[in-house]
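Read the structure below first, then the notes.
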Amino acid sequence: MSDTPVACTRPRIAAGHRLQWEAAQDAYVLLYPEGMVRLNPSAAEILKRCDGEHSVAELVAELESAFGQSDLGADVDAFLAAALQRRWIDAS
Amino acid sequence: MPADAQIKPPLWLLAEVSYACPLQCVYCSNPLELGRRADELDTESWLRVLRQARALGAAQLGFSGGEPLVRRDLERLIAEARQLGFYTNLITSAVGMDQARLERLVAAGLDHIQISFQAADRRTSRLIAGTDYFEHKRAMARAVKAAGLPMVLNFVLHRHNIDQLQDMLELSESVGADYVELANTQYYGWGLANRAHLLPSRGQLERARAVTEAFRARVGERMRLYFVVPDYYENRPKPCMAGWGRVFLLVAPDGTALPCHGARQIRSLSFPNVRNASVAEIWYHAPAFNAFRGEDWMPQPCRGCPEREQDFGGCRCQAYQLLGDAALTDPVCDRSPHHQLVLDAVAAAQHSEPPPAPLVYRNPRNARRAAGVTATTATRADG
């Protein structure tokens, strides 16, 4: 893991983690060894784009366009920092 | 009895595919009966259970036992589970694994491996497991990481090994573990039979916590440490299994469906079997699964306790084992009128001399002996 701020990277879902839709929970969940977290819709929309291809700026632009909103940058940065801290994503 | 609509689907399925195990660990949570391999569910039955549980909403799947690697069809079960969308966890001693088998497990789509270690050295491992596989486990742990899988190491802690916690953590770091579970022994099954040997002293526990904290501060997020406190040292019970029949479904080797590892011993309940009923029928309608859902069953002091929604009255199996009635408050709670039983066990654990009786290993001879004791008791009760 590098010390690069998340905003300068192309984040991807961390190894050993899997994002998937669970109809029974009516939500996206993130699965990892012996655990699972149920995601709220905005967290899921961000993580769906953590594919190692989108830069954070591209990810934010795509979300703003998809949901007709502006100024999502700060919220996305905060979420990604928390996700990195929990090791949900790699930001190398 | 709660209505169907109030019961949420199971999220966790634990498939105990065999009770057979090459180790004889003195704290095993399996029942005192070992079970017969001839009674195990066949491949097709396990595949049906996987499909039915997944259709209900279970997303986490553990293959456990006994030792799950004794099943030659394990790769087939993993492949089907993965295809169904389960996150597949293998909970293993690593005995029965070699490089070729590991490669087959990975090819089948296995997501994660948890390897149990009994200690940080060969001598103590042998004392606990009755047999020596320490170097094999270490080699397989390295192989799992080399294969690119996330890996949890699990150490069950007790008075014979808790003082080597620093060595356990260094071992874990040296093989590249992602997570380490430092799980104090839970006193069920064989663990309860050996409790006087296993319960650590308060001083041991405090030193272990300090070692864990210091190590955690050094390694940070690189290797996550989970320290599970022995509930005997708490004054409130654990929210066992996040509540009876709320999240967790266990299917035992012979197809018996249970809400947890220990429930099988509760003689006042009759547990359903996946040979005769679908997973959905079992989860939503079996009387044994509904027995301790909701709050109607709760006794005093749980009824009306402000913490009942956090701990669900604690562990039903612990109440049964220690008090003979699964519907009583877990005696770990200091509001239980029977809390003194737990305090007495803790007081006895502060002595340094080992108890006179030997450790009871999980093996056929000791299982027959335990069954003999049960049969004698039953005969007397009947007569």
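Bear in mind that the values here come from a model prediction, so they are computed numbers and not experimental data. The chains referred to below are lettered A, B, ... by the order of the sequence lines, with proteins before strands, and numbering in each begins at 1.
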Is it true that [X] and [Y] make a salt bridge, defined as a side-chain N closer than 4.0 Å to a carboxylate O?
{"X": "B/E173", "Y": "B/R218", "answer": "yes"}
{"X": "A/R12", "Y": "A/D90", "answer": "no"}
{"X": "B/R224", "Y": "B/D178", "answer": "no"}

Is A/Q85 close to chain B through its backbone or its side chain, or both, or neither, when contacts mean heavy atoms under 4.5 Å?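 Contact with chain B: backbone and side chain both.
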
Quick check on A/E34 against chain B: is it the side chain, the backbone, both or neither that has a heavy atom closer than 4.5 Å?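 Both parts, backbone and side chain.
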
Just so I understand: if I count every heavy-atom pair under 4.5 Å between each of [options] and chain A, which residue has the most?
{"options": "B/M151, B/H112, B/Q114", "answer": "B/H112"}
{"options": "B/G85, B/G62, B/P9, B/A58", "answer": "B/G85"}
{"options": "B/G220, B/A55, B/A59", "answer": "B/A59"}

Which atoms of B/Y226 approach chain A - backbone, side chain, both or neither, heavy atom under 4.5 Å: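 It is neither, since no heavy atom gets under 4.5 Å.
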
Chain A heavy atoms under 4.5 Å from B/L56: which part of the residue, side chain, backbone, both or neither?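 Only the backbone of B/L56 comes within 4.5 Å of chain A.
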
Aromatic contact, B/F248 with B/H261 (centres under 6.0 Å):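 Yes.
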
Any donor-acceptor pair under 3.5 Å linking the side chain of B/N154 with the backbone of B/L182?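 Between the backbone of B/L182 and the side chain of B/N154 there is no qualifying donor-acceptor contact (under 3.5 Å).
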
When only pairs under 4.5 Å are counted, which of A/A23, A/P33, A/G16 shares the most heavy-atom pairs with chain B?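 Most heavy-atom pairs within the cutoff with chain B belong to A/P33.
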
Parallel under 30°, tilted from 30 to 60°, perpendicular over 60°: which one fits the rings of A/W21 and A/Y28?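 Rings of A/W21 and A/Y28: perpendicular, over 60°.
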
